[in-house]
2 protein chains.
Amino acid sequence: MKTKCCDTHLSEEEAQELLSQNGISRTKIKTSILLLLSKSKKPLSASEIYQKYGPKNCDISTIWRTLKQFHEKGITREINLGEDFFRYELKDTQDEKDHHHHHVRCRNCGDIKQLEECDLSAFEKMFSRLGFKKMEHYLEFTGICSKCP
Amino acid sequence: MKTKCCDTHLSEEEAQELLSQNGISRTKIKTSILLLLSKSKKPLSASEIYQKYGPKNCDISTIWRTLKQFHEKGITREINLGEDFFRYELKDTQDEKDHHHHHVRCRNCGDIKQLEECDLSAFEKMFSRLGFKKMEHYLEFTGICSKCP
DNA sequence: CAAATTACTGCAAGTCAATTGCAATTAATC
DNA sequence: GATTAATTGCAATTGACTTGCAGTAATTTG
Ligand SMILES: [Mn+2]
Ligand SMILES: [Mn+2]
Ligand SMILES: [Zn+2]
Ligand SMILES: [Zn+2]
């Protein structure tokens, strides 16, 4: 299956299929977290998921364990937007080479927008079009170095 | 004064001048942390600084307070390289618009290299030149949105 | 230079995101 | 349906980072 990142609105069946394909038990909680992520227009934090799903319905540690598992299976990506916690969102594709996207977060109000364009030279124009000011960017890389397998 | 980021090798006098210019007391600890940052070829974590400076010589909370102050004064930048803590380094310039740089971290051995080039299109070539494989990048933005002052 | 003011520091306690051990419960496998 | 493996809740724990307070050192002022 090919997921399409945030705001994908997976159906319950699609969510469960995605779980099965990745060797994860199709439980109510895991399905619900997947649906929440797929319905959100921005990456969600663990505690946001906890609030949305309902503190009566599930323990926060279960949410953490689920997010960790999703990340290990390559279903999700974790994102640092200058806050003191991570946010999580569905990967655009399982491969992550095919397509991905980035975000802007307002340093004043905290609002987060998703950027569909990833042509790096096009970013500047896009920001002024969006009315954003005082941009700062955060760009770092990881890879496997020449000394490593 | 114009600092030149990591690996600048400030002299003790230059370090103290930088403190004074930013309204920070010229104490032994603050001077030493500044020197450590200026002599390092990669951004340092709080606990690395603590180890290098010597746990007998200073409390870790003082290091945290100092790093926070440096950041507030705009002397340093904090960097997330996919670890579960931040690293800190001297800004290339106080303004941060003039010049900045990025990093690669090996996902296998954790080694960190500093990238002097910031032409985004030039990155790919540079990585293969450096022998890096399986690159992943991390690019996010912050700014002030159109609804904010 | 000495007094007054302000900033810095060590120590201990606290916060909060994220992890973990264990026993009970549920899902997958046969 | 019985067996096995994964998931869950709860409580305790880790580790990064913060904070209050009382003592000390640095800066300012006369
Ligand atoms: Mn997104
Ligand atoms: Mn650097
Ligand atoms: Zn805003
Ligand atoms: Zn390596």
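Every chain is numbered from 1 and lettered A, B, ... according to where its sequence line falls, protein lines coming before strand lines. Values in this document were obtained by computation on a predicted structure and should not be read as measured data.
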Quick check: do [X] and [Y] have side-chain heavy atoms less than 4.5 Å from each other?
X       : Y       : answer
B:Lys42 : B:Glu48 : yes
A:Leu18 : A:Leu34 : yes
A:Ile79 : A:Glu89 : yes

Counting heavy atoms from C-beta on, name the nucleotide in [options] closest to the side chain of [X].
X       : options               : result
B:Cys58 : C:dG10, C:dT9, C:dA18 : C:dG10
B:Trp64 : D:dT7, D:dA16, D:dA26 : D:dA16
A:Phe85 : D:dA6, C:dA17, D:dA26 : C:dA17
B:Arg65 : C:dG10, C:dC8, D:dT7  : C:dG10
A:Asp59 : D:dC10, C:dC8, D:dT7  : D:dC10

For [X], answer base if it contacts any base atom (sugar-phosphate contacts may also be present), sugar-phosphate if it contacts only those atoms, and nothing otherwise; contact means non-hydrogen atoms under 4.0 Å.
X       : value
B:Ile29 : sugar-phosphate
A:Ile60 : nothing
A:Ser61 : base
A:Gln69 : sugar-phosphate
B:Arg26 : sugar-phosphate

* Does A:His102 have its ring centroid less than 6.0 Å away from the ring centroid of B:His137? ->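 Ring centroids of A:His102 and B:His137 are less than 6.0 Å from each other.
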* To do: Answer with yes or no after comparing the ring centroid distance for B:Phe141 and A:Phe127 against a 6.0 Å cut-off, counting only values under it.
  =>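 Centroid distance B:Phe141-A:Phe127: below 6.0 Å, so yes.
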* Whole-Å distance separating the CD atom of A:Gln51 from the C1' atom of C:dA17 ->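 So the two atoms are 14 Å apart, to the nearest Å.
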* **Of B:Ser25 and A:Thr27, the one whose closest DNA chain C nucleotide lies more 5'** =>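 Closest to the 5' end, via its nearest nucleotide, is B:Ser25.
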* N/O (side chain, B:Lys30) to phosphate O (OP1/OP2, D:dA26) under 4.0 Å ->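 Looking at the OP1 and OP2 atoms of D:dA26, neither is under 4.0 Å from any side-chain N or O of B:Lys30.
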* To do: Let me know, please, whether A:Thr62 or B:Ser47 comes out on the 5' side of the other along DNA chain D by nearest nucleotide.
  =>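 It is A:Thr62 whose nearest nucleotide is closer to the 5' end.
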